[in-house]
Amino acid sequence: MSFAYPGGLPPEADLVFDARFLRNPHYDPALRPLCGRDPEVGNFIEQDPDFSTYFQKVADIVEFLLPRFVQEGKKYATICVGCTGGQHRSVYMIEKLSTHLASLGWRVGVTHREAARFAPASAATAISAKE
């Protein structure tokens, strides 16, 4: 789930990661109306010199923890990434993380909590145990 910090932490969160330190597309007038699902926004975020290292560290910890959650009997894990507006950085991180986890065989659903603010037709898609 992506979210905006001003709206508070999602109460259902099992893991929370912060993307507010990454370059913010909001300050680029051409990117401001777009969201993290748009390729131009993803390219902008990936230009941040710390993005790839941060993303890999987040992916590593999630990959480490998910099997343990399954061992403990959890049916799903809600992994959240927040940023200031919940439109660019957190959306991009969650989309990229969900694609990565799906490629490893995890069933993934994605929710963008602030989606109604930036794209009325945005789909809500949770990570559950491998079958």
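All residue numbers in this chain count up from 1 along the given sequence.
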- Task: Please lay out, stage by stage, how Y27 and L31 fare under the test side-chain contact (heavy atoms from CB on, under 4.5 Å).
- Result: CA-CA 8 Å; Y27 297 112; L31 300 178; over 6 Å; no
[atom1]-[atom2] distance between [X] and [Y], expressed to the nearest 0.5 angstrom:
X	Y	atom1	atom2	answer
M1	L9	CE	CG	11.0 Å
L65	K74	CG	NZ	11.0 Å
S52	K57	OG	NZ	10.5 Å
C83	I94	SG	CD1	10.5 Å

I want to check something: taking the side chain as every heavy atom from C-beta on, are [X] and [Y] in contact at a cut-off of under 4.5 Å?
X	Y	answer
V62	I79	yes
H112	E95	yes
I45	P25	yes
Y92	V81	no
Q87	H26	no
W106	L66	yes
E40	L34	yes
Y76	F69	no

Closest non-hydrogen atom pair between [X] and [Y], with its separation:
X	Y	result
M93	A19	CG-CB, 4.4 Å
V108	S98	CG1-CB, 3.3 Å
G86	E114	O-CB, 3.9 Å
Y5	V16	OH-CG1, 3.7 Å
A13	C80	CB-SG, 3.6 Å
S2	V91	OG-CG2, 3.5 Å

- Donor-acceptor side-chain pairing of Q56 and D60 below 3.5 angstrom: yes
- So, R89 and D48, do they make that salt bridge, N to O below 4.0 Å?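 Salt bridge flag = no for D48 with R89.
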- Message: As a quick check of understanding, evaluate side-chain contact (heavy atoms from CB on, under 4.5 Å) for L22 and F44, giving each step before the final call.
- Response: CA-CA 10 Å; L22 297 169; F44 180 90; over 6 Å; no
- Message: Is it the case that the ring center of F17 lies less than 6.0 angstrom away from the ring center of F55?
- Response: no
